Every structure is written in C-alpha cells, then in structure tokens.
Amino acid sequence: MAHHHHHDHSHAHGHSHGHDHAGHSHAPDSYGAAFAIGASLNAAFVVAELIFGYTANSLALVSDAVHNLSDVIALLLAWGGAWLAGRRPTDTHTYGYRRASILAALANAALLLIAVGGIAVEAVNRLREPAEVASWTVVWVAALGVLINGGTALLFMRGRDSDLNVRGAYLHMAADAGVSLGVVAAALLIMATGWQWIDPAISLVIAAVVLASGWGLMRDSVNLALDAVPKGIELREVRDYLAALEGVTEVHDLHVWAMSTSETALTAHLVCPGGHDDAFLHRVCAELSHRFSIHHATLQIEISSETCRLAPAEMV
C-alpha cells in the first residue's frame, strides 16, 4: 500500500494506531496445547482406523481414516499458522507473519475438498460391487472415533467464533465426531439387515458432510486472503460511525481488512477543518476496538480533502 500523500504537513496531520486488545483473549497461540493433544490423538486414531478398516473390509472406516488424516494435517497447518501469527514483525515482514493463519485456513479447506473427491470415487465403485464387512470391528473403532473427535472439538469450542483458524479446527473435529457416529449406525444396520451397500452409502454421506464444512471454510478464507471486509463487520456502519464524529466533515480512503484469522485492521482519512488533538484519536481508536473489534486502526487527519489524491471514491 504505497500511498503518496500530498498534504500540507504544516497542518495537523494525525496518525494514530489503536492497539486496544481488550476482549482479545482467544489469541491463536493460546491453543498450542489443544493443537498438540488433538493432532497426537487423531494421528494414533488414523493408524488404528486404517489397520482395522482394511482387516474388516469396511470402506466407511477407511474413508473416515482418510478424512481423519486430512484433519491431522489440518490441525498441524492450523497450529503452524497460529504459531507464525504470534511471531514478531521484522524489517521485511512489518506485520509479522499474521497472514500465515489465513493461508493455513485456506490450505485446510483445500485438503478437505480433496479428501471428499477420494471418498466419493471409492464409494461409487463399492456401490457397484458391495463387499462383506466385519461389522463389530467397525462399531468399536468408530465408537472410539466419536470420543476422540468429540473431545478434540471441545478443546476448540471456546474460540470458534473469534478465530477462523480455530473455527476450522473445531469444524473438522465436530464433523468427524458426527461422521464416526454415522459409521457406528451403519455397521449396526448392516448386522441387522445384511445390506452391504449401507457401508459405501454412508461413505457418500461422509463426503457430503465434509464438503459442506470445507466449502464454507474455503469461501471465508479466500475472502480474507483477498482482503475482504471480515465477516461480522459492516463497512457502512464503520463509515457512518466515523462520519458522525464531532468535527469530522468527510471520510475517505476507508479500508478494513483481516491481518490474520483473528485480527482486523483499518485505515481511513478523516477531514477535520477545525483540527484535532491526540485525545480525539485515542478515543476513536478505542471505540473502533470496542464496537467493531478493529484493534489496529490507523487514522490520518486532514484539514481539507482538496489536495488528497485518494479522496475520490474510485481511488485505492
């Protein structure tokens, strides 16, 4: 954002950064233990599911293992992204590595969608040629999956609304718990009816569940990667708030974007013909943090917008 501001610097040229992190308790790096526990438990479970899935000849169990493997990788990606997001800024990365959490969420979503394709293809093949399934093995292994995935989801439940990366981890685990429950039900049904096609049919249901959660995550993370206004913030409301401030006659060059999956930044030019003081800037930044959860605000104060190259709405 190399903006050249041709302003008369003899006028009051306010430049304030609001770093009020109140209400910001769900920092991604506070989930290190949750990521470590979740990834370890799920990695061990994937190995168990693959072994028992092959021996029991259950596609539903193997599909669930593939899905869980994508979750282990997703957890590791989210963990790495959260860790990078906490690194200090450098001369070459002046915002630090906060964006890494957005890239992790994006990779996470891509993995989910790839896993869906693999499961669906195999399920269609198995529907054409149903195979015998050792159902009790499937029941016990999938029941263990309900416990492991459900427990891991609970670790991320608290921060799912404040961080897209944590929400990605939570969605993965919650969907997995539901999927494992479906596998248990399928195995019990097969034992009761002898219908072997239920196993691949449940695999297709698993694929649909994964597709639904992965698509939403993909949409949200692509938007953040493209500097879209984060979900939950209405740009019009932010503009109206700034325009209504005492002494402000115009707001232009307003931008709101995500610095990471949990932090939002804002830049804006405020035209204040009567000038301003520092108390005004700090008050506005504190209010932006409180009202809109925008914790990194940079405000430029101008006496007039006539000489500002960025004043026209079409200029970025």
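All residue numbers refer to positions in the sequence shown, counting from 1. What you see is a predicted model; the values in this text were computed from it and never measured.
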When clusters are formed by joining ILVMFWY residues with side-chain heavy atoms under 4.5 Å apart, either directly or through shared neighbours, do [X] and [Y] land in the same one?
X	Y	value
Phe292	Leu281	yes
Ile148	Val146	no
Val47	Leu144	no
Leu204	Val183	yes
Leu242	Val229	yes

Looking at [Y], is its backbone amide N or carbonyl O close enough to the side chain of [X] to form a donor-acceptor pair, meaning the two atoms are under 3.5 Å apart?
X	Y	value
Arg128	Val124	no
Ser180	Ala177	no
Arg99	Ala258	yes
Ser289	Cys285	no

What are the two closest heavy atoms between [X] and [Y], and how far apart are they?
X	Y	answer
Ser293	Thr264	O-CB, 4.0 Å
Ala225	Leu106	CB-CD2, 4.5 Å
Leu224	Ser260	CD1-O, 4.4 Å
Ile190	Trp195	CG1-O, 3.4 Å
Leu127	Trp197	CD2-O, 3.9 Å
Val138	Ala56	CG2-CB, 4.2 Å

For this session: Flag the pair Arg283 and Asp277 as a salt bridge only when some basic side-chain nitrogen lies within less than 4.0 angstrom of an acidic carboxylate oxygen.
Result: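 Result for this pair is no, no salt bridge flagged.
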For this session: For the residue pair His276 and Phe280, categorise the inter-ring angle as parallel (less than 30°), tilted (30 to 60°) or perpendicular (more than 60°).
Result: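 Geometry flag for Phe280 against His276: perpendicular rings.
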Exercise. Does the side chain of Leu69 reach to within under 4.5 Å of the side chain of Glu49, using non-hydrogen atoms?
Worked result: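 They are not in side-chain contact.
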For this session: State, yes or no, whether a side-chain contact exists between Leu113 and Leu211 at a heavy-atom distance under 4.5 Å.
Result: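 When only atoms from C-beta onward are counted, Leu211 and Leu113 do touch, with a gap below 4.5 Å.
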